[in-house]
There are 2 protein chains.
Amino acid sequence: MRTHKCGELNKDNLGESIALCGWVHRRRDHGGVIFIDLRDRAGLVQVVFNPESTETFAIAESVRSEYVLRVEGVVRERLEGTVNANMATGEIEILVSHVEVLNESETPPFPIESDIEVNEEMRLRYRYIDLRKTSMLEKMKIRRDVTRNLRNFLDAQEFFEMETPILTKATPEGARDYIVPSRTHKHSFFALPQSPQLYKQLLMMAGMDRYYQVVRCFRDEDLRADRQPEFTQLDIETSFMNEDKIMAIMEDMMCNLFKDVLNVDLDKPFPRMTHAEAMSRFGSDKPDLRIPLELVDIADEMKDVEFKVFSGPANDPKGRVVALCIPDGAKLSRKDIDAYTKFVSIYGARGLAYIKVNDRNGGLEGLQSPIVKFAPAEVWEAVLEKTGAQTGDLIFFGADKTNIVNEAIGALRVKIGLDLGLLEGVWKPLWVVDFPMFEWDEKSQRWNAIHHPFTAPSCSEEELKADPGAALSRAYDLVLNGTEVGGGSIRINKTAMQSTVLDILGIGKKEANDKFGFLLEALKYGCPPHGGMAYGLDRLVMLMTGSSSIREVIAFPKTQSAACPLVDAPAVINEEQLKELHIRLHKPIVSEEA
Amino acid sequence: MRTHKCGELNKDNLGESIALCGWVHRRRDHGGVIFIDLRDRAGLVQVVFNPESTETFAIAESVRSEYVLRVEGVVRERLEGTVNANMATGEIEILVSHVEVLNESETPPFPIESDIEVNEEMRLRYRYIDLRKTSMLEKMKIRRDVTRNLRNFLDAQEFFEMETPILTKATPEGARDYIVPSRTHKHSFFALPQSPQLYKQLLMMAGMDRYYQVVRCFRDEDLRADRQPEFTQLDIETSFMNEDKIMAIMEDMMCNLFKDVLNVDLDKPFPRMTHAEAMSRFGSDKPDLRIPLELVDIADEMKDVEFKVFSGPANDPKGRVVALCIPDGAKLSRKDIDAYTKFVSIYGARGLAYIKVNDRNGGLEGLQSPIVKFAPAEVWEAVLEKTGAQTGDLIFFGADKTNIVNEAIGALRVKIGLDLGLLEGVWKPLWVVDFPMFEWDEKSQRWNAIHHPFTAPSCSEEELKADPGAALSRAYDLVLNGTEVGGGSIRINKTAMQSTVLDILGIGKKEANDKFGFLLEALKYGCPPHGGMAYGLDRLVMLMTGSSSIREVIAFPKTQSAACPLVDAPAVINEEQLKELHIRLHKPIVSEEA
C-alpha cells in the first residue's frame, strides 16, 4: 500500500514517485492550496494538494484531523522560506497526484499534540489516541529498545530465556496475591506470581546454569505512583557465581544498556555502600547520590542539652538526632520552611527545627532560630563544625525514633535537593550491600526477612541462630538516582540452612511444607550454589525516559484504583460463570435471603 | 568458581589447568581408579581420581549420583582404547588435583538418563530432575533458539515488541475465561486474556504500525494433548498491508526460522489451498500434505446403488460418500481393518467399508469385499478408475453426513499414512485460505464466526447481509504437517461493517457494548486497515523438536487435569483471603446452615 514511511523521507528522495499511508495530523488552507501534515510511526511529512487536480483537491477539502489517508505523489523541494527546520522532513514536501480516504475519524476527545493537560483517566480511556503523541511513541520505542538491548546482552552471555508459569501457587514475597479459582479442582485456587523466584531457583537445580526472563509479575497492593497491579520484571539467575561476579556482569549489562539506548557512559565499577552506611549518611537504603546533602549524627552533642526534643532521642538507643546542612539555604523563606515542615510530617515527624547561619563567625548572634536558646554556644559550634556549615547555609534537624528520622529527613534531603536543583551528575548508580537478614517486628513480636526467606546469610548457621539480628545477608540492591531498579542475592542452597532461616522466621514445619515444601524437597537433590537478580523494567524505563510515573511507559496501564478505563475492567460476570468456578459473591446474609 | 564448562572441553585444552563445576552423572571404579562423568549444561566430561591423592580420592569415593562438585585438575589425553567416540569430550579427561563437594544429593526418584519409562505425573512432580535429561535440555534450548530467532527476524522488520495486559476483560474468543476477583472493585472480576486480539488492534489504531509480542494466553478448557491452560503465543499485527504481503513476510519468517534452527530449507512460496478444497480432498482444514492419500468423491456413482448405506448419503445434500485408496493396502489384515473401524467410530462413523483390489483387471472377481455384491460391476469400475487403484491396493469408504465423513475419513487418512510410513517429505507447510465467515449452528439456530468477530469478509457489506453463509473471510491459517501452527486475518476497520457482522452473529447492541464497546468506539477515530497473525509457540516448538505433546517443550507444564504436581497448584486458600476478595466458596445450602 505504500513505498515509504512519512517520517523517513528527505532530500535523497527528491523526484521520486512515492505512496504513503498515515493520519491527518494538521490541515492548513493557504493561498488556495491545501497542506496536510501526514503522520505515521516514523514521523510527519507535508503533503500538498493543488486546486488544479479537482478531484484530489475535493477529497483533501473533505478530510479532517485523524482521517487515515493513502496518497501518491512526487517528492519535491520546498520553496525557499517554507523550509521547516524543526521537522525531520522539513526540506521536502509531496505534491499529491492521488488520494484515497482509508478511514474517517470523528473529532478526537482531545488533541493529539498540544500543551493542554488532559486528565489521566481520559488519556487512559482513549489510550489508542494518547499513544499517537510523539512523546508516548518515543517512550514505547525506548521501552522496546531497552528490552531488546537487555535480551541481546544476556543472550550473548549464554543466559537462556525460559518461561515460567503464570497460573501458580501463592509465593511468599510478602504482598497480597491475585488468585484464580479453578474450575476442575473445586474450591482450589491458582495464584498469579509476585515473581518467578522459586521457579528460577528450580531451574538452577535443573542445571540450566544461566537463566533470564522478561516476565509479568502481579501484586495486589494499594497503588503508588511507581506501582502497578501487573508489572514487568527482568528476572535473572545463575549458578556457580558469587555476588562479585554477578554484580560485575550486571554492571556490564547496565553500562551496555545506557550506552546503546541513551548514549550515556556509566563509570564501572559502580560504587558500593553498606546498608548501614546508606542509612547513616542518607537515611535511606536507596540514596540518590546526585544530591550532595548528608545526614550528620549529632546525638553525642545533644545528649545533655535542656531541649528535650533533642536530648530525649539522643539518649534513647532507638532514637536518632541528625543535622542536614543546606548550602545557601538561609535564603529559604518562612513559607518554604513551613512547607518542608508539613512535608516531613507525612513521615511522622512532629516538627522541623532549623538554624539559619547568617554569620558563621558570629557566635550565637550569627545564628537565627527559635531553638538556639535551648543549647549553649559550644554545642552549636560543634554542630556547625560537624556539618561544615558556612555563612548563608541553613541546617535542618531531625530528632525522633531512628526510623522516623531516617524516613523524614531522608525524604527531605531528596526533596530539597530536587527543589533547589542541587543535583551533581545525571546518572548515579549504587550497589547497596550487607543488608541485615532480618528485622524485628514489634507488633507481631517476630523476625521478618528483609529480602525473602531464600536469601543466603553471610555468616554460618551457628552465628545466624546465635544472633539473628546481627546477621547480614548476601543481598545486593541496585539503586539508580534514588530509585531501586533491581535487587538480588545469593540464595540458600542447603536444606539445613533453609530450615534454620524458616525457624527464625517462625514458619513452622507444616506451614513451610504447605507453602514451599517442593523447594525444601528440591534442595535435597543436588542444588548448586546460585544467585540472581530481578529488575523492575517499568521503573528502569521510567527513569531512562524521564517519566514521572511507570504508567507513562506501559502501553495499557491500570489507574491508581487498579482499573482499566479503556476496556472497563474489572467487570461483573454472570452467575453461571461463578457457579462453574464453585464460588459465589460474598454478600450480607440478609440480601441472600431476600 | 570455574574456568570452563564440562561439555566444551576438547583436545585444544590439553595440558591446561582448569576448574569445573557440575553434577555427578555416573561414577565408575575401575582398576583402583575412580572415573566420574561430570555434567553441566554444556555436556559431560570424564574426571579421574587417582588413589595416590589420598584426600581427593577419599572424597571421590564418598560421592553419589547428582552430587554437585567443583574439581580442579589438568586436561590430558585419554589412553588409546579408552577414547569414547560417542562423547563430545571423549578424547580427553581431567586428572583431578582438588575436589570440593558443593552439595550432596539423595538418590533421585528416577534415573536422569535411562530407557525406563517414568510416568508423567512423577516427571512433572520432580521436573527439576526431569529437566536434567539431555533430551529435555535440548528441547528447552531449541525453544530458546526458536523464540530468539523469531524476535530477531521481527525486530529486523521493524516490528515493535509491545506488552499488553494480563489482567483484562473477558475477550470473545469463544473459550472459557480464567477470572480474577478484584479486591478494590467489589464483585468485579478481571479475566486473563485468551489472546491480545483487541489490544493489538488498538495498537494499530494507536499508529504503532507493526507490533509483535511473545505473550502468555489462557483458556480454561478441558485439555487435550496439545492444549494447556496457559500457552505462549507469538502475536503479530501490522497496518497498511494486505493478506498477500502479510503471508509473504510470514513465509520469510518461517523459512528463516527453519534454516537457522534446524538447517532445513522450506520452499517459498508456501502452497495455498482454499478451505473448500482442503475439506474436499483431505476432509480437514489442516491437511497433512506429507501424506499422499486423498478423499475421492463417489456420490455420483453411488446415487442409484441398492446399498442404502451408500445411496442414502449420496442423495442427501448434507451427506458425503468418499473413497480412500491405500496403495499396497491389500496386505492389511482383518485385525488391522477392525482396528481402523474402531478408530473411525471415535468420529461417529458407524462402520468402515473396504474393498481389496486383488486383481485390477479381474472384474468383480478381482475385488475382495463384503460389499462388492451391493453394486454392479460398472460402479466399481468407475470407483477404481476415479481413485486410480492398482492391483494390491485397498479402498476404504466413508458414507454419512458430510462432517462425519470428513472427520472420520480425514483422520483415518492421517492415521494410515503414519502407520504405513507413507510420508513424502519432512516439512509440508500450507496456507489454508478462503474460510467461510460463518457456520450455522443448528442447536442454537444462529451463525457462529469461524475465526473471530473481527475478521474482515472478502465481500461487501451488502453481499454479507444478503447471504452470510456464502461469505468468505480474509482469514488464513498456516498448517504444518497437519497441525495448525498459526492463524490470522485482515480485520474489520470500519464501524458499519463491524456492526453488520455483530448483527449477523446475533450479538445485540447492549451485549456488543458491554463486551467490546471500546473497540466499536475506537473504530470511529481513524482506524487504519490492518491485519495480523498469531502462532502457537508451544505447538511450533513441539513440531520442530519432534515431541509428542506440548508438555514436552514447556519447562513447567500443567497436567491434563490442569494442575501442577510440582508446586501443588491449585491449592486451597484461607477464608480471610476470600473475604477480602468479596467472594465465598459455593457450597450446598445445607452445609452453610450446619
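Within every chain, numbering begins at 1; the chains are lettered A, B, ... in the order of the sequence lines, protein sequences first and strands thereafter. Values below: all heavy atoms of this structure, side chains included; hydrogens, waters and symmetry mates excluded.
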**Request:** Would you mind telling me which of A/Y126, A/F218, A/F518 has the largest number of heavy-atom pairs within less than 4.5 Å of chain B?
**Result:** A/F518
**Prompt:** Given that the side chain runs from C-beta out, which part of A/T147 has a heavy atom under 4.5 Å from chain B: side chain, backbone, both or neither?
**Reply:** neither
**Prompt:** Is any side-chain heavy atom of A/V68 less than 4.5 Å from a side-chain heavy atom of B/C527?
**Reply:** no
**Prompt:** Atom OG1 in B/T495, atom CD in A/E104: separation rounded to 0.5 Å?
**Reply:** 9.5 Å
**Prompt:** Hey, what's the ring geometry for A/Y199 with B/F556, parallel, tilted or perpendicular (30° and 60° as the breaks)?
**Reply:** tilted
**Item:** N-O pairing of A/D209 and B/R2 below 4.0 Å
**Value:** yes
**Item:** Toward chain A, the part of B/L537 with a non-hydrogen atom under 4.5 Å
**Value:** side chain
**Request:** Name the member of A/V214, A/T107, A/D130 that forms the most heavy-atom pairs with chain B at distances under 4.5 Å.
**Result:** A/T107
**Proximity breakdown for A/T184 and chain B, heavy-atom pairs closer than 4.5 Å** = side chain
**Item:** Residue pair B/M208, A/L137: steps toward the side-chain contact (heavy atoms from CB on, under 4.5 Å) verdict
**Value:** CA-CA 8 Å; B/M208 287 301 163; A/L137 177 61; 3.6 Å; yes
**Message:** With side-chain contact (heavy atoms from CB on, under 4.5 Å) as the criterion, how do B/M205 and A/R127 come out once you've worked through the C-alpha distance, each side chain's angles and the decisive distance to 0.1 Å?
**Reply:** CA-CA 10 Å; B/M205 301 178 203; A/R127 190 60 157 185; over 6 Å; no
**Choice from B/R210, B/K133, B/E158 maximising heavy atom contacts with chain A below 4.5 Å** = B/E158
**Request:** Please flag which part of B/F231 lies under 4.5 Å from any non-hydrogen atom of chain A: side chain, backbone, both or neither.
**Result:** neither
**Complete:** Ranking B/E230, B/E580, B/H582, B/E161 by heavy-atom pairs under 4.5 Å to chain A gives rank one to B/E230
**Request:** Could you tell me whether B/R41 sits above the aromatic face of A/F160, with NZ or CZ closer than 6.0 angstrom to the six-membered ring centre and within 45 degrees of the axis?
**Result:** yes
**Message:** Tell me which of these, A/I583, A/L131, A/N493, has more heavy-atom pairs under 4.5 Å with chain B than the rest.
**Reply:** A/I583
**Asked** Picking from A/R125, A/E66, A/H185, A/R143, which has the most non-hydrogen pairs under 4.5 angstrom with chain B?
**Response** A/H185
**Request:** Sort A/E106 into side chain, backbone, both or neither according to what part of it lies under 4.5 angstrom from a heavy atom of chain B.
**Result:** both
**Request:** Please look at A/M204 and chain B and tell me whether the side chain, the backbone, both or neither of the residue comes under 4.5 angstrom of a heavy atom of that chain.
**Result:** backbone
**Asked** Can you find a pair of side-chain heavy atoms, one from A/F240 and one from B/L102, that are under 4.5 Å apart?
**Response** yes
**Message:** Is it true that A/Q201 and B/Y128 share a donor-acceptor pair across their side chains at a distance under 3.5 Å?
**Reply:** no
**Complete:** Interface check, chain B: of A/A522, A/A555, A/P108, most non-hydrogen pairs under 4.5 Å belong to A/A522
**Contact origin within A/T164 toward chain B - heavy atom pairs under 4.5 Å** = both
**Item:** A/E163 versus B/T232, side-chain donor and acceptor atoms under 3.5 Å
**Value:** yes
**Asked** Hey, is the main chain of A/P165 close enough, under 3.5 Å, to the side chain of B/K558 for a donor-acceptor pair?
**Response** no
Below 3.5 Å, can you tabulate the donor-acceptor pairs from side chains in residues 563-579 of chain B to any protein atom, sequence neighbours excluded?
| from | atom 1 | to | atom 2 | distance (Å) |
| --- | --- | --- | --- | --- |
| B/N574 | OD1 | B/E576 | N | 3.2 |
| B/N574 | OD1 | B/Q577 | N | 2.9 |

**Request:** Could you list the residues that satisfy side-chain hydrogen bond (donor to acceptor under 3.5 Å, both in side chains) with B/D40, not counting sequence neighbours?
**Result:** none
**Asked** Can we say B/E221 and A/R183 salt-bridge, meaning some charged N sits less than 4.0 Å from an Asp/Glu carboxylate O?
**Response** no
**Asked** Counting distance only, does the side-chain N/O of B/H187 pair as donor-acceptor with the main-chain N or O of A/H586 below 3.5 Å?
**Response** yes
**Request:** Heavy-atom distances under 4.5 Å only: say whether A/L581 touches chain B with side chain, backbone, both or neither.
**Result:** side chain
**Asked** Between B/K245, B/R151, B/M140, which shows the greatest number of heavy-atom pairs under 4.5 Å with chain A?
**Response** B/R151
**Fill in**
Turns out that what part of A/L202 lies under 4.5 Å from chain B's heavy atoms comes down to both
**Side chain / backbone / both / neither for A/R176 at chain B, heavy atoms under 4.5 Å** = side chain
**Message:** Testing the basics here: between B/D155 and A/R148, what is the closest heavy-atom pair and its distance to 0.1 Å?
**Reply:** OD2-CD, 2.9 Å
**Request:** Select one option (side chain, backbone, both, neither) describing which atoms of B/S239 are under 4.5 Å from chain A's heavy atoms.
**Result:** backbone
**Request:** Determine whether B/M1 and A/M241 make a side-chain contact, defined as any pair of heavy atoms from C-beta on separated by less than 4.5 Å.
**Result:** no
**Asked** Does B/W23 use its side chain to pair, donor to acceptor, with the backbone of A/G526 at less than 3.5 Å?
**Response** yes
**Prompt:** Parallel under 30°, tilted from 30 to 60°, perpendicular over 60°: which one fits the rings of B/Y178 and A/F190?
**Reply:** perpendicular
**Prompt:** What option among B/R70, B/E521, B/M136, B/K141 has the most heavy-atom pairs under 4.5 Å with chain A?
**Reply:** B/E521
**Asked** B/M162 and A/R144: side-chain contact (heavy atoms from CB on, under 4.5 Å), yes or no, with the steps?
**Response** CA-CA 7 Å; B/M162 296 190 71; A/R144 185 278 296 252; over 6 Å; no
**Request:** Would you mind checking which part of B/K5 comes under 4.5 Å of any heavy atom in chain A, side chain (CB onward), backbone (N, CA, C, O), both or neither?
**Result:** side chain
**Message:** Can you tell me which of A/G22, A/C21, A/P229, A/P181 forms the most heavy-atom pairs within a distance under 4.5 Å of chain B?
**Reply:** A/C21
**Prompt:** Are B/K494 and A/N103 side-chain neighbours, meaning at least one heavy-atom pair lies under 4.5 Å?
**Reply:** yes
**chain A contact via B/I179 - side chain, backbone, both or neither, heavy atoms under 4.5 Å** = both
**Request:** Tell me, for A/P529 versus chain B, whether the close heavy atoms (under 4.5 Å) come from the side chain, the backbone, both or neither.
**Result:** side chain
**Residue A/R132 versus chain B: region with a heavy atom under 4.5 Å** = both
**Asked** In terms of heavy-atom proximity below 4.5 Å to chain B, should A/S65 be classed as side chain, backbone, both, or neither?
**Response** neither
